[in-house]
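Structure first, then comments.
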Amino acid sequence: MKELSKRFDFINIDEKWCKYWQENNTFSAKANPDKEPYTIVIPPPNVTGILHMGHALNNTLQDIIIRYKRMKGFETLWMPGTDHAGIATQNVVEKQLAKEGKSRQDVGRDAFLKRLWEWKKEYGNTIIHQLKKLGSSCDWQRTRFTMDEGYSEAVKTVFIRLYEKGLIYQGERIINWCPRCHTALSDEEAEHQETQGHLYHIKYPYRDNPKEHIIVATTRPETMLGDTAIAVNPNDDRYKALIGKKAILPLIEREIEIIADEFVDTQFGTGAVKVTPAHDPNDFEIGKRHDLEFINVMHPDGRINKLGGKFNGLDRFEARKLIVQELKELDLLVRIDTHSHSVGHCYRCSTVVEPYLSRQWFVKMKPLAEPAIEAVNNGKIKFHPQRWTKVYMNWMENIRDWCISRQIWWGHRIPIWYCQDCNEIIASSQDPEKCPKCSSSKLRQDPDVMDTWFSSWLWPFATLDWPQENEDLKYFYPTSSLFTAPEIIFFWVARMIMAGIEFMGDIPFSDVYLHGTVRDAKGRKMSKSLGNALDPLEIISEYGADALRFSLIMNSGQDLFISKEKFEIGRNFANKIWNASRLILMNAKEIDPDFDLGKTSASETVALPTRWIIAKYFETLKQVGAAIEDYKYSEAESHIYEFFWNNFCDWYLEIIKDQWQDTTVQNVAVKILENSLKFIHPFMPFVTEEIWSIIKEGEDPLSIQSWPKDIENIDSAKTLSSMQTLIDLITSIRNIRSQWKIKPNEMIKCILVTTSEESIDLIEINSSIIKALAKAKSLMISKELESAKNNAVAVVENIKCIVPLGDLLDIEQEKKKILAQIEQQQNASSSLSTRLNNEKFVNNAPAEVIEKEKARLETIDLNIKELKDVISSLE
RNA sequence: GGGCGAUUAGCUCAGUUGGUUAGAGCUCCUGACUUACAUUCAGGCGGCCGAGGGUUCGAGUCCUUCAUCGCCCACCA
């Protein structure tokens, strides 16, 4: 067997295996009738994306389960890909153009799109490369993009089907408009932030009595240019008499009516509201109810248009300033209150969103939502942790129609054409040549593209070439589980469920795992603008990909609070694995490839520590498997960490340190190492793959090895408890040694207080034994407790306490300590016996609890007796 | 305003259906250069389990009220 290098060189090892897995297509998946499929689709990162901690966490989780299932014998497909991310991507290229002093309109749609595709070709794979560095075991040959040709086919097909079903309609609405991106945003895309603004109180004079006025309050004075009414609550006594009266809109001098509407809150502001139906969603509703005029005073870029009179051409915020100033001069401004309210911001560029009247395409969601609610209600789809079910339900039950048109160029174009001659609307998945009604060839395609999510919601089946039918689609759909962040339950998860049921007739996945948000140590979201983002790639180069993965998962209960030091735990653990392997490889020379751990553990002739570590190993194997199946990854890691480090390295490898000549010991160490590598592999693929390749030179890579076999009913209770006794014994001896700073070469005397008749033995422990103890656990070299009899210490299985004597011991102080202990134990004893004499307890508590309590009482009483003996012996 | 979650050691978190003396890791402190590993080893300190009330033989765990924090949704003229 080869040896391991002294240093764990993760940089080269990461790179080596990353390359190997790709060149050999280790993770390619095919429909295979002999195996059960296990499929995951990646939440497609934005094509503009660069790897951040959220991706790292998300993909590590997926990789753990997919590697685990692969080793468990499933035909695993992890489908990778990227999302075309409409606005984000368009932004990137628009920025490029801006540097050249051009806008997208300057270059024109076709040329602009061409540049976008060029950009995509050049830079669009960045995130994919980064995901590979993480160790993600995707089937990379299948990498898909939401604007692939076939994928576009799926998007169009879906649009047409919904259109023909009557679920797609066009309508005028106040939508969230980003004046910078020039596009509509869905409600989910408008991020509301609490903002310190102002509430302006403005006088609107009455037409018939210009000296009197009604005062309205507004946060956006510039919208007054489009006011077409003033509304008051019909039950508001202050204003009842005014209903139906006319007022004059200042600055514009338009005559507007005072109307009554229940919507108005009498408590807020002045109780009178200016109504701007074209610029506010509520006013829009009021406008419809009262049949008001809709006056749009703004250009799509946020500048005031010619309906704004002399403010024509000014930016909305510029106009606000001027309007306020002018009102002041006219003595129409009563006062300005500071007012905190939440303002929508574009989720892409953070520009303040403008509620804007425009014509958009919508999908009716209710009919799609119903079966999707049912699928979760009847348990076909499960959320982990379960509490997210409520969040999903809450949204689905109050679902609103989905605005799917976007006024940008990068995306799937809406497959709708308008006939210039007869105004017919044509929906078609093929580009139509003439109007089916009037045969005119003057057709114009709708300029808008679809919301990016309108393609992502098809991801689980469109990536498998739907609407084409093929073997892969049949075999791998529905997928198994989905891993994503809770933020996109509405955007994506819910919509995928609806699409899956609607178009495939089956749910898209059965389990949804929602992981936490990665935050910095102070609990803030990691973001570039805050400058608190930790770059996963930096961590990879500094600590290794395995360290990144292991540490992230270790912290992944709920939200993760991450700082750089947290990655040390993973780095240290990888290093530990490396060094333990190195030690074993240096010493194990006679290896039997068919060595059977199960049989060895059952053999009484095998030394206790060996039987113990085997039992621990099987216990851990079970725990790790169960935890993964149960989506409890950090728990799985704790079991691994505890076993490998605290049991295997700290105890077993120490115990066998001078027994390497024993072939059983060699084989056990190697076998346990090999199998541990297997169950560590999903968490830390690189270091385990490397060590495996050295131990098992010439064999298949670890990634496609099978998961270790479990054995049923290993009876290890006795082994575990004997070993525990031994560990306790050694630990207490060690403690005493360190407590009184006894040096190994000193002769000391100890009293061993035992439960045997001799009760108190004065035993001399010579320096060689102390030295042995100091060498950590060497007592256990002896195969059995009995055979260690001559060693004087291990003779006594029931040692309760050990008290050293001699010059080093302050007897008075020791006595005090023991007396305190006695008191404590006596208290425990009396409260316990009260409890055991309580009828209700005896009648109600389960038998085993009572037994335990009785045993505990006995032990305590025994302890008291022994402590008293110690006291008397000291005197 | 509606919903969800959290509160356990200085910090970050575990803690099964209520059942021994509430556990880890990090930090801090004390020791050890023991040839796989100082990215190490052996120890120690540190807890009225957010507050009050209730159910129970028994509550970190169940119920209730309150407090503080976080997240999501809606509204905010």
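Order of the sequence lines sets the chain letters (A, B, ...), proteins ahead of strands, with each chain counted from 1. As the structure is a computational prediction, the values presented were derived from the model and not from experiment.
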Do [X] and [Y] make the cut of ring centroids closer than 6.0 angstrom?
X: W578(A); Y: F8(A); answer: yes
X: F294(A); Y: F284(A); answer: yes
X: Y631(A); Y: H384(A); answer: yes

Could you check which of [options] has an atom nearest any side-chain atom of [X]?
X: R400(A); options: G5(B), A36(B), C75(B); value: C75(B)
X: F490(A); options: G25(B), C37(B), C72(B); value: C72(B)
X: W645(A); options: C37(B), C41(B), A74(B); value: C41(B)
X: I569(A); options: G25(B), C41(B), A36(B); value: G25(B)
X: R7(A); options: C57(B), U39(B), U12(B); value: U39(B)
X: F841(A); options: C72(B), C37(B), C57(B); value: C57(B)
X: E654(A); options: A74(B), C37(B), A42(B); value: C37(B)

Looking across every strand, which nucleic acid part, if any, lies under 4.0 Å from [X] by heavy atom: base, sugar-phosphate, or nothing?
X: K576(A); answer: base
X: D265(A); answer: base
X: R582(A); answer: sugar-phosphate
X: V842(A); answer: nothing
X: L199(A); answer: sugar-phosphate

Please say which of F573(A), F683(A), F644(A), F686(A) ends up in a ring pair (Phe, Tyr, Trp, His ring centres under 6.0 Å) with F550(A). F573(A)
Tell me whether E542(A) is salt-bridged to K564(A), with the criterion being a basic N under 4.0 Å from an acidic carboxylate O. yes
If I take atom [atom1] in residue [X] and atom [atom2] in nucleotide [N], what distance separates them, rounded to the nearest angstrom?
X: D546(A); N: U39(B); atom1: CG; atom2: P; answer: 19 Å
X: F567(A); N: C26(B); atom1: CZ; atom2: C1'; answer: 15 Å
X: E568(A); N: U27(B); atom1: CD; atom2: P; answer: 8 Å
X: E635(A); N: G23(B); atom1: CD; atom2: P; answer: 18 Å

Respond yes when some side-chain nitrogen or oxygen of N572(A) is under 4.0 Å from OP1 or OP2 of U40(B), and no when none is. yes
Both distances under 3.5 Å, Watson-Crick or G-U wobble: on that basis, could you give the dot-bracket string for RNA chain B, with [ ] for crossing pairs and | for other-strand partners? (((((((..((((.....[...)))).(((((.......))))).....(((((..]....))))))))))))....
Could you list the residues that satisfy salt bridge (Lys or Arg N to Asp or Glu O under 4.0 Å) with D283(A), not counting sequence neighbours? none
Would you say the side-chain atoms of H279(A) pair up with the backbone N or O of P277(A), donor to acceptor, closer than 3.5 Å? no
Between A51(B) and U8(B), how far apart are the two P atoms, rounded to whole Å? 10 Å
